[in-house]
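All values derive from a computational prediction rather than experimental measurement. Residues: numbered from 1 along the sequence shown.
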Amino acid sequence: MRILLIGGGKSGKSTLAQRLAAALSGDAPRYYWATMTPHDDEDRARIRRHVADRAGMGFVTVERSFDLPGGLAEIDPNGTVLFDSITACLSERMFPGGTPNARAGREITGELLTVSRSCRHFIAVCDDLWHGGEDYQDWTEVYVRELAEICRALASEFDAVCEMTAGLPRLWKGELPCV
């Protein structure tokens, strides 16, 4: 099963994703695919919270934002992957330093589809930054548009799409094994 969870910051996406991964995986391996490189104390605190939240849940952490298919060597194909997050992955890839990578969104889309087809269950988490109603400028607008395009591509192929708001799930496509 492949699931896309979208929603605003602190909406409960990661908590639901962890519950779904536990429900889907059973006794099979469970992977937390981390994509954020910490750049400041706020990032490090967020990572510590996520690690604490999944303590004792049996996740093996895979840290990779670039060459996503290369990470498949660390994954048992019978396992469940919680990919957190598309938002951070695109940021890492689009803004690696120096000139922004205008192809990052298309690259990530293809790589995520490859990875998601290579394991038994795949849960992807993404912030829905396009809901803000803001008129962003320059590369920020490109980033938001690419993020939405990645989610559209995944949503068209994934089994379930769920939007989280204030800890409440709204299912747009398919069914979830637990809510």
Check your understanding: Do side-chain atoms of Ser65 reach the backbone of Thr35 as a donor and acceptor pair under 3.5 angstrom?
Key -> yes

Practice item. To the nearest 0.5 Å, tell me how far Arg49 CZ sits from Lys10 NZ. Key: 4.5 Å

Exercise for review: Enter the distance from Leu154:CG to Cys126:SG here, rounded to the nearest 0.5 Å.
Suggested key: 8.5 Å

Study note, to complete from the structure: In short, Val125 meets Ser14 closest at the heavy-atom pair CG1-OG, 4.4 Å

Review point. Leu5 and Lys13: which non-hydrogen atoms are nearest, and at how many Å?
Key: CD1-O, 3.6 Å

**Study point:** Residues Met94, Val142; criterion side chain to side chain contact (heavy atoms under 4.5 Å, CB included); working and verdict
**Key:** CA-CA 10 Å; Met94 186 173 274; Val142 173; 3.9 Å; yes

**Study point:** Distance (rounded to the nearest 0.5 Å) between Asn78 CG and His121 NE2
**Key:** 9.0 Å

Exercise for review: Applying side chain to side chain contact (heavy atoms under 4.5 Å, CB included), run through Asp138 and Tyr143 and close with a yes or a no.
Suggested key: CA-CA 9 Å; Asp138 304 321; Tyr143 174 80; over 6 Å; no

Check your understanding: Are Phe95 and Leu147 in one and the same hydrophobic cluster, where Ile, Leu, Val, Met, Phe, Trp and Tyr link if side-chain heavy atoms are under 4.5 Å apart?
Key -> yes

**Study point:** Greater than 12 external heavy atoms within 6.0 Å of Asp67's CG
**Key:** yes

Check your understanding: Could you state the interatomic distance from OH (Tyr31) to OG1 (Thr80), rounded to the nearest 0.5 Å?
Key -> 9.5 Å

**Study point:** Nearest non-hydrogen partners of Trp33 and Leu68, listed with the distance
**Key:** CH2-O, 3.2 Å

Review point. Looking at OG of Ser25 and CD1 of Ile123, how far apart are the two atoms once the value is rounded to the nearest 0.5 Å?
Key: 8.5 Å

Exercise for review: For Glu157, look at atom CD and say whether over 12 heavy atoms of other residues, nucleotides or ligands are found less than 6.0 Å away.
Suggested key: yes

Point to revise | Transitive ILVMFWY side-chain link Val161 to Leu168, under 4.5 Å | key: no

Exercise for review: Using modelled atom types only, decide if a donor and an acceptor are shared between the side chain of Arg103 and the backbone of Arg106 within a distance under 3.5 Å.
Suggested key: no

**Study point:** 4.5 Å side-chain heavy-atom contact, Glu107 and Asn101
**Key:** yes

Review point. Hey, is CZ on Arg44 packed in by over 12 heavy atoms from elsewhere, all under 6.0 Å?
Key: yes

Practice item. Give a yes or no answer on whether the side chain of Lys173 reaches the backbone of Ala155 with a donor-acceptor pair at less than 3.5 Å. Key: yes

Check your understanding: Is there side-chain contact between Arg117 and Arg2, with at least one heavy-atom pair below 4.5 Å?
Key -> yes

Review point. Looking at side-chain heavy atoms only, is the closest gap between Thr165 and Ser11 below 4.5 Å?
Key: no

Study note, to complete from the structure: Closest non-hydrogen contact found for Ala22 with Met57 is CB-CE, 4.2 Å

Revision key, fill the gap. Rounded to the nearest 0.5 Å, the CD1 atom of Ile108 sits from the CG atom of Leu90 at a distance of 4.5 Å

Check your understanding: What's the shortest heavy-atom distance between Thr87 and Asp127, and which atoms?
Key -> OG1-N, 2.8 Å

Exercise for review: Determine the minimum heavy-atom distance between Val115 and Leu72, stating which atoms define it.
Suggested key: CG1-CD2, 4.0 Å

Check your understanding: Less than 4.5 Å apart, any side-chain heavy atom of Glu111 and any of Arg93?
Key -> yes

Practice item. Applying salt bridge (Lys or Arg N to Asp or Glu O under 4.0 Å), run through Asp76 and Arg120 and close with a yes or a no. Key: CA-CA 9 Å; Asp76 179 333; Arg120 185 164 184 199; over 6 Å; no

Point to revise | Non-hydrogen side-chain atoms of Leu176 and Ile3 separated by less than 4.5 Å | key: yes

Practice item. Please answer: with hydrophobic residues joined when any side-chain heavy atoms are less than 4.5 Å apart, are Leu171 and Leu20 in the same cluster? Key: yes

**Study point:** Heavy-atom neighbours of Trp172 CH2 exceed 12 at 6.0 Å
**Key:** no

**Study point:** Validation row: Leu4, Phe83 side chains within 4.5 angstrom (heavy atoms)
**Key:** no

**Study point:** Ile75 vs Ser118 side-chain heavy atoms within contact, under 4.5 Å
**Key:** no

Check your understanding: Are any of the side-chain heavy atoms of Leu16 and Cys162 separated by less than 4.5 Å?
Key -> yes

